Amino acid sequence: MKTTDIEQHLDDLMAETGEQHVQVTFTLNATKQTIVVPARTLASDAIRHDLRQTGTHVGCEHGVCGACTVLLDGKPVRACLMLAASLEGQTVTTVEGLVEPDGTLHPVQQAFKDCHGLQCGFCTPGFVTTIAAFLEDNDSPTQEEATEAIAGNICRCTGYQNIKASVLRAAEIKRERAGEFPLGPDDESSRAALDRKVRGSTNPVGGRMGRA
């Protein structure tokens with residue numbers, strides 16, 4: 001659509017609805033998208049309702065619970081605190097976009113499955129995107145680092161133990177897929193990360209247990 005046509009379309013919407021609209025073009029889960037929405041539309045609503053990526057959940061709508069977390073140019077952000085217009089020219093990844101083209105689950109998604117890291121599942125997409133970004137910066141986290149990584153997200157069901165285990169399990173899967181030893185280097189921090197109190201009965205890749 002030509003610029004003059006876009007402007008005319010936006011003017012027509014203003015006349016019809018009495019509300020300013022904006023055109024926003026951005027990349028969502030590797031696909032370029034263009035939407036026309038009211039200027040007040042939140043990013044979370046545009047992603048869910050206009051583009052039907054409903055894995056992004058909306059909970060508190062105040063940026064507290066973390067359920068709406070998406071990756072903006074690889075960094076976790078609260079979609080309920082952003083206007084859709086601010087996505088212009090940016091790259092957004094939701095929990096759906098973490099899956100590989102061949103259907104292979106992202107290491108964090110696989111880890112949540114392996115470690116039973118969810119119950120009702122409402123908070124899960126926000127945790128998955130948050131942890132995925134965290135592991136890009138820290139691929140061998142300790143227990144304490146895993147706990148800190150998820151501290152900004154709220155889960156009302158699990159008590160967090162299996163979510164923390166999922167962080168450590170995801171790190172193992174990432175290492176295995178990279179051709180490395182899944183348990184990481186044999187040092188004090190790696191052993192601390194494998195504490196059975198956090199991991200429970202979940203075995204690492206290949207069924208090899210680390211030392212407590």
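Just so it is clear, the values below take in all heavy atoms, side chains as well, and ignore hydrogens, waters and symmetry mates. For clarity, every value in this text was computed on a predicted model and none was experimentally measured.
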Colleague: Looking only at heavy atoms, what is the nearest atom pair of V95 and P125, with distance?
Modeller: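 The answer is CG1-CB, 3.8 Å.
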Colleague: Do I35 and M82 share a hydrophobic cluster, counting only Ile, Leu, Val, Met, Phe, Trp and Tyr and linking them when any side-chain heavy atoms are less than 4.5 Å apart?
Modeller: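 Yes.
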Colleague: Regarding T93 and N29, do their side chains bring together a donor and an acceptor under 3.5 Å, going by distance alone?
Modeller: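 Side chains of T93 and N29: no pair found under 3.5 Å.
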Colleague: With rounding to the nearest 0.5 angstrom, report the CD to NE2 distance, Q110 to H106.
Modeller: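 Spacing of CD (Q110) from NE2 (H106) equals 11.5 Å.
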Colleague: Might you point out which heavy atoms bring T104 and V99 nearest each other, and give the distance in Å?
Modeller: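 Heavy atoms only, the tightest pair is O-CG1, 3.5 Å.
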Colleague: Within a strict 4.5 Å, meaning less than it, do heavy atoms of the L135 and P107 side chains meet?
Modeller: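 A side-chain contact under 4.5 Å is absent here.
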Colleague: For R177, look at atom CZ and say whether over 12 heavy atoms of other residues, nucleotides or ligands are found less than 6.0 Å away.
Modeller: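 Yes.
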Colleague: State, yes or no, whether a side-chain contact exists between I150 and I131 at a heavy-atom distance under 4.5 Å.
Modeller: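 Answer yes - side chains close enough.
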Colleague: Got a second to check how far E100's CD is from Q109's CD, nearest 0.5 Å?
Modeller: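 Between atom CD of E100 and atom CD of Q109 there are 9.5 Å.
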Colleague: Under a 4.5 Å side-chain heavy-atom rule over Ile, Leu, Val, Met, Phe, Trp and Tyr, are I154 and F122 clustered together?
Modeller: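 Looking at the clustering, F122 is in a separate group from I154.
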Colleague: Just by modelled atom types, is the T69 backbone N or O under 3.5 Å from a matching donor or acceptor in the T129 side chain?
Modeller: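 Such a contact is found between T129 side chain and T69 backbone.
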Colleague: Work out which heavy atom in C80 is nearest to a heavy atom in H62; give both atom names and the distance.
Modeller: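 Of all heavy-atom pairs spanning C80 and H62, the closest is SG-N, 3.9 Å.
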Colleague: Run the numbers on V36 and L13 for side-chain contact (heavy atoms from CB on, under 4.5 Å), then give the verdict.
Modeller: CA-CA 10 Å; V36 175; L13 286 171; 3.6 Å; yes
Colleague: Between atom OG of S166 and atom NZ of K113, what is the distance when rounded to the nearest 0.5 Å?
Modeller: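 It comes to 13.0 Å.
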Colleague: Examine L87 and L28 and state if one hydrophobic cluster contains both, with Ile, Leu, Val, Met, Phe, Trp and Tyr joined whenever side-chain heavy atoms are less than 4.5 Å apart.
Modeller: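 They do share one cluster, since a chain of ILVMFWY contacts under 4.5 Å joins L87 to L28.
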Colleague: Is atom CD of E148 surrounded by more than 12 heavy atoms (other residues, nucleotides or ligands) closer than 6.0 Å?
Modeller: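 No - once you tally the heavy atoms of other residues, nucleotides and ligands closer than 6.0 Å, there are 12 at most.
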Colleague: Side chains of V70 and P76: does their closest heavy-atom pair fall under 4.5 Å?
Modeller: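 With C-beta onward as the side chain, the pair stays apart.
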Colleague: Would you check, one step at a time, whether the test side-chain contact (heavy atoms from CB on, under 4.5 Å) holds for R48 with H57?
Modeller: CA-CA 8 Å; R48 285 180 54 81; H57 292 165; 3.8 Å; yes
Colleague: Which heavy atom of L10 sits nearest a heavy atom of Q23, and at what distance?
Modeller: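 Closest approach of L10 to Q23: CD2-N, 4.3 Å.
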Colleague: Begin with the C-alpha distance, continue with both residues' side-chain angles, and end with the deciding distance and a verdict on side-chain contact (heavy atoms from CB on, under 4.5 Å) for T41 and D45.
Modeller: CA-CA 7 Å; T41 302; D45 290 335; 4.2 Å; yes
Colleague: Whether the side chain of E96 engages the backbone of G55 through a donor-acceptor N/O pair (distance < 3.5 Å, no angle test) should be reported.
Modeller: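 Yes, E96 side chain to G55 backbone: donor-acceptor pair under 3.5 Å.
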Colleague: What's the shortest heavy-atom distance between E19 and P38, and which atoms?
Modeller: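 Smallest interatomic distance, heavy atoms only, reads OE2-CB, 3.4 Å.
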Colleague: Can you tell me how far apart CG (L118) and CZ (F112) are? Round to the nearest 0.5 Å.
Modeller: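 It comes to 7.5 Å.
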Colleague: Can a donor-acceptor pair be found, under 3.5 Å and without considering hydrogens, that links the side chain of R169 to the backbone of A111?
Modeller: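 Judged by distance alone, no pair lies under 3.5 Å.
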Colleague: Would you call E180 and K174 a salt bridge, using N to O less than 4.0 angstrom?
Modeller: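 Salt bridge flag = no for K174 with E180.
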Colleague: For the side chain of E145 and the backbone of T142, is there at least one donor-acceptor N/O pair under 3.5 Å apart?
Modeller: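 Checked: pair present.
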Colleague: Taking the side chain as every heavy atom from C-beta outward, state whether V37 and V22 have any atom pair closer than 4.5 Å.
Modeller: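 The answer is yes, as the side chains (C-beta and beyond) meet within the 4.5 Å cut-off.
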Colleague: Let me confirm one number: the OG1-NZ distance from T34 to K32, rounded to the nearest 0.5 Å.
Modeller: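 The OG1 atom of T34 sits 6.0 Å away from the NZ atom of K32.
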Colleague: Between R175 and E172, is there a salt bridge with N-O shorter than 4.0 Å?
Modeller: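 Looking at E172 and R175, the cut-off is not met.
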Colleague: Is V77 linked to F127 within one hydrophobic cluster, defined over Ile, Leu, Val, Met, Phe, Trp and Tyr using a side-chain heavy-atom separation of less than 4.5 Å?
Modeller: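 No, V77 and F127 fall in different hydrophobic clusters.
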Colleague: Between F26 and L51, does the side-chain contact (heavy atoms from CB on, under 4.5 Å) criterion hold? Intermediate values first, please.
Modeller: CA-CA 12 Å; F26 64 102; L51 297 171; 3.5 Å; yes
Colleague: First locate atom CD1 of I47, then atom OG1 of T54, and finally report the distance between them rounded to the nearest 0.5 Å.
Modeller: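 The CD1 atom of I47 sits 11.5 Å away from the OG1 atom of T54.
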Colleague: Are L81 and V58 connected in a single hydrophobic cluster, I mean Ile/Leu/Val/Met/Phe/Trp/Tyr linked by side-chain heavy atoms less than 4.5 Å apart?
Modeller: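 No, no single cluster joins them.
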Colleague: What's the shortest heavy-atom distance between L168 and A146, and which atoms?
Modeller: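 Shortest heavy-atom contact: CD2-CB, 4.0 Å.
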Colleague: Using a 4.5 Å cut-off on heavy atoms from C-beta on, say whether the side chain of C65 contacts that of N153.
Modeller: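 No, too far: nothing below the 4.5 Å cut-off.
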Colleague: Counting only heavy atoms not in E61 (residues, nucleotides, ligands), do more than 12 fall under 6.0 Å from its CD?
Modeller: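 Not buried by this count: 12 neighbours or fewer within 6.0 Å.
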